Chemist: 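Here it is, the structure, as structure tokens.
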Amino acid sequence: MDYPTGLVDLVAERSKGFQLEGFIAGQGPIHPKLMLVGEAPGRKEVENHIPFSGAAGKELIQAMESIGLTRENTYITSAVRSRPYKVLERLNKRTQKNERVYPNRTPNKKEILAHAPLLDYELSQVQPTIVATLGNIGLQRLLGPKWQISESHGTVYHGPVLELSKAQDRYQPSEKEYTVVPLFHPAAIFYNRSLSEKITKDWITLGKLLEKEAK
Ligand code: URA
């Protein structure tokens, strides 16, 4: 996605003071059947500028392929477009020296709000038939904090989504209505293998919905 320069500058300004690194644009075609909304890029994505190109990305691409989707026909983005990191001091066991490391972390509410103009712009430009959110962060960015992935995964929502208010300091419901399918984040499987069956089922549900929409 080529964002207008003013928009990128605005988000850079809104992100001042946060521990965020790099900028990775959303990728994919305009007017696709599906837009995927994840959490935030990680270290791998900052290196190669491809959304979901790390370990979670491998899981995601496999799931997409299982219902006939590819990077070429799907728009992929996330709630935050820079890598959130934390700063940790730890002992390197090999060298026995203290070192500072900068691991990935989940974006916080303020960072998600700071980056909101980007996702709003992407939605307005990409105009996907269906939006699938990946994990709680993407889900709550679009539908609000009451939504929980553990309860809503694999269901189909149709209605307004949250967008930045005119004053750009909070969210408001959009006038336009969207079809949103909450999915687990592909990395969820790394922490909880028992989710595997549910994840497979949800992707089958999404595949059927996409088929129906295509008719
Ligand atoms: N998780 C996300 O939400 N996005 C990425 O690009 C990578 C991991």
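The structure displayed is predicted, hence computed values, not measured ones. Just so you know, ligand 1 is whichever comes first in the structure, and atom 1 is the first atom listed for that ligand.
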Chemist: Determine the interplanar angle of the F23 and Y3 rings, folded into 0 to 90°, and report it as parallel if under 30°, tilted if 30 to 60°, perpendicular if over 60°.
Modeler: perpendicular
Chemist: Please state which part of A40 comes within less than 4.0 Å of ligand 1, counting heavy atoms only: side chain, backbone, both or neither.
Modeler: backbone
Chemist: Between ligand 1 and G54, can you find any atom pair, the residue atom being a heavy atom, that is separated by under 4.0 Å?
Modeler: no
Chemist: Using a 4.0 Å cut-off to any heavy atom of P51, which atoms of ligand 1 qualify?
Modeler: 6 (O)
Chemist: Do the rings of W147 and Y157 sit parallel, tilted or perpendicular, given the 30° and 60° boundaries?
Modeler: perpendicular
Chemist: Is ligand 1 less than 4.0 angstrom away from at least one heavy atom of K44?
Modeler: no
Chemist: Distance to 0.1 Å, residue and atom name: give those for the protein heavy atom nearest to atom 7 (C) of ligand 1.
Modeler: E45 OE2, 3.3 Å
Chemist: Identify the closest protein heavy atom to atom 3 (O) of ligand 1: which residue and atom is it, and at what distance?
Modeler: E39 N, 2.6 Å
Chemist: Tell me which protein heavy atom sits closest to atom 6 (O) of ligand 1, plus the residue, atom name and distance to 0.1 Å.
Modeler: F52 N, 2.8 Å
Chemist: Does one hydrophobic cluster hold both V126 and L7, with members joined at side-chain heavy-atom distances below 4.5 Å?
Modeler: yes
Chemist: Heavy-atom contacts with G38 under 4.0 Å: which atoms of ligand 1 show up? List them by number with element.
Modeler: 3 (O)
Chemist: Looking at H185, which atoms of ligand 1 are within less than 4.0 Å of one of its heavy atoms?
Modeler: 1 (N), 2 (C), 3 (O)
Chemist: For the pair Y102 and Y85, name the ring-plane relationship: parallel under 30°, tilted 30 to 60°, perpendicular over 60°.
Modeler: perpendicular
Chemist: Please answer whether the main-chain N or O of I24 pairs with a side-chain N or O of H49 as donor and acceptor at a distance below 3.5 Å.
Modeler: no
Chemist: Using only heavy-atom distances, determine whether the side chains of T74 and R71 contain a donor-acceptor pair under 3.5 Å.
Modeler: no
Chemist: Here's a test for you: under salt bridge (Lys or Arg N to Asp or Glu O under 4.0 Å), which of E111, E21, E39 qualifies with R105?
Modeler: E111
